[in-house]
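See structure below.
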Amino acid sequence: MAMVSAESLIGRLSKSKAGSPLLLLGKDAYLRDTLRERVIEASTEPAARGWAVSRFSAGQGEFAQALAQARTVPMLARRQVVVIGEAEAIERMPEEKREAETQNLADYLANSAPFTVLILEARELDQRTKFAKMLLEEALVVAAELPEDPRQRARTAAMLAGQMAGAQDSSIEEDAAEELADLCNCDLAAMQCEIEKLVTYTGTGRPIRRADIEALVVSEKKYSVWELAEVMAMRQRGRAFHFLANVLQQGEAAPALIGTMAWMCRKLIEAQQLSPHMPPYQAAGRLGVRVTTAEIAMRHARKIPRQRLVLGLQALYDADSSLKSGQKNNRAVMEFVLARLTA
């Protein structure tokens with residue numbers, strides 16, 4: 001297995017060395033997305049990315065189509081990038097189909113196109129299979145995982161929080177980044193979502209501070225806002241009020257709760273667009289959340305009509321406006337919005 005660092009890989013691509021296919025291997029969707037975009041940026045000109053980047057999914061049966069595209073000379077670009085997501089789906093195919101796709105990959109590797117950067121992405125691979133063995137031997141493997149050591153994992157997540165803030169034309173103080181990583185359990189997708197909210201809250205020109213984290217970020221360790229998805233589906237107003245009382249007693253701020261509830265509603269709307277038969281790990285990648293969260297979202301998404309979710313977002317927007325306009329009774333505002341969500 002030829003493991004390479006992201007920096008080494010980008011350096012090679014910047015020198016026009018396409019070479020072996022790339023395998024982005026790991027369960028962290030944020031890291032896979034980040035690595036993929038860095039490869040695309042290093043491999044193609046900005047003006048050509050509309051037609052020089054192709055995306056396929058092995059899970060949707062597009063593996064052969066992707067390799068055919070990889071063999072095709074790109075138009076109006078010196079190099080193209082072909083991305084194949086969910087490569088692990090090959091391993092779960094019926095034996096005859098799996099063998100055919102494995103042979104297709106072998107044929108491509110024997111005569112890979114010098115004008116194509118081929119990226120394969122997988123959460124994990126069964127190294128006992130012929131497909132995985134071939135890929136791990138022939139491809140350059142870049143790990144899309146945080147370190148296993150808890151301390152190193154936390155440090156890496158905090159460092160990436162700085163990069164996320166920078167991508168939003170903002171910044172985050174070191175202790176704030178550490179607090180965010182801790183509250184989100186080093187879930188990079190969750191951290192990115194929180195930073196988007198924090199940047200909106202702090203505005204331009206001011207870094208994100210620890211006080212902002214404490215005011216806005218709802219800790220996953222304290223409770224799960226996804227309990228409200230079931231409450232909304234069942235229209236259980238009494239249970240919603242009990243949930244609110246517990247949350248406020250734990251010290252969570254009303255603005256943070258509103259932001260998290262709005263995020264939940266948006267994820268439920270996104271989940272409604274996915275196939276109900278999609279495996280949880282695929283849904284997690286599409287939604288940018290953890291597998292357990294994706295399972296909950298997929299379970300409740302179709303129990304709540306889209307129009308109710310849209311109206312729920314409007315109710316949350318109205319509640320946010322009330323709080324920002326100086327409304328003193330936060331609990332009354334939250335009870336009103338929960339009443340609307342469970343009406």
Under 3.5 Å, side-chain donor or acceptor atoms of residues 272-280 against the rest of the protein: list the pairs with distances, not counting sequence neighbours.
unit_1	atom_1	unit_2	atom_2	d
Q272	NE2	A301	O	2.8
Q272	NE2	I304	O	2.7
Q273	NE2	I269	O	3.3
S275	OG	H277	N	3.2

Looking only at heavy atoms, the pair that brings L125 and E88 closest together is CD2-CA, 4.0 Å
Electrostatic pair E45:R49 at N-O distance under 4.0 angstrom: no
E41 CD to R36 CZ distance, which is reported to the nearest 0.5 Å: 12.0 Å
Checking E86 against Q60: is there a side-chain donor and acceptor pair closer than 3.5 Å? no
Salt bridge or not between R209 and D175? Use side-chain N to carboxylate O under 4.0 Å. no
Between L23 and L140, is there a side-chain heavy-atom distance shorter than 4.5 Å? no
Are any of the side-chain nitrogens in K97 or E91 under 4.0 Å away from the carboxylate oxygens of its partner? no
With clusters defined by side-chain heavy atoms of hydrophobic residues (ILVMFWY) lying less than 4.5 Å apart, directly or transitively, does M234 cluster with M264? no
Has the side chain of E145 got a donor or acceptor atom that lies under 3.5 Å from a matching backbone atom of K27? yes
Could you tell me whether a side-chain N or O of T116 sits under 3.5 Å from a main-chain N or O of A70, the two making a donor and an acceptor? yes
Taking Q80 for its side chain and Q69 for its backbone only, find out whether a donor-acceptor pair lies under 3.5 Å. yes
How far apart are the closest heavy atoms of S170 and R206, and which atoms are they? OG-O, 3.9 Å
Do you know the tightest heavy-atom contact between A161 and M191? CB-CE, 3.6 Å
Please name the pair of heavy atoms, one in S57 and one in E62, separated by the smallest distance, quoted to 0.1 Å. N-OE1, 2.7 Å
Which value, rounded to the nearest 0.5 Å, describes the distance between T260 atom OG1 and K267 atom NZ? 12.5 Å
Is M334 reachable from L311 through a run of I, L, V, M, F, W or Y residues, each pair having side-chain heavy atoms under 4.5 Å apart? no
In terms of side-chain geometry, is the basic nitrogen of E173 or R210 positioned less than 4.0 Å from the acidic oxygen of its partner? no
When V117, V142, L118 are each screened for side chain to side chain contact (heavy atoms under 4.5 Å, CB included) with L22, the one that passes is V117
Does any part of the side chain of L67, heavy atoms only, come nearer than 4.5 Å to the side chain of I84, both counted from C-beta? yes
Do side-chain atoms of R79 reach the backbone of S43 as a donor and acceptor pair under 3.5 angstrom? yes
Looking at R308 and L341, what are the two nearest heavy atoms and their distance? NH2-O, 3.0 Å
What are the two closest non-hydrogen atoms of D212 and L198, and how far apart are they? O-CD2, 3.6 Å
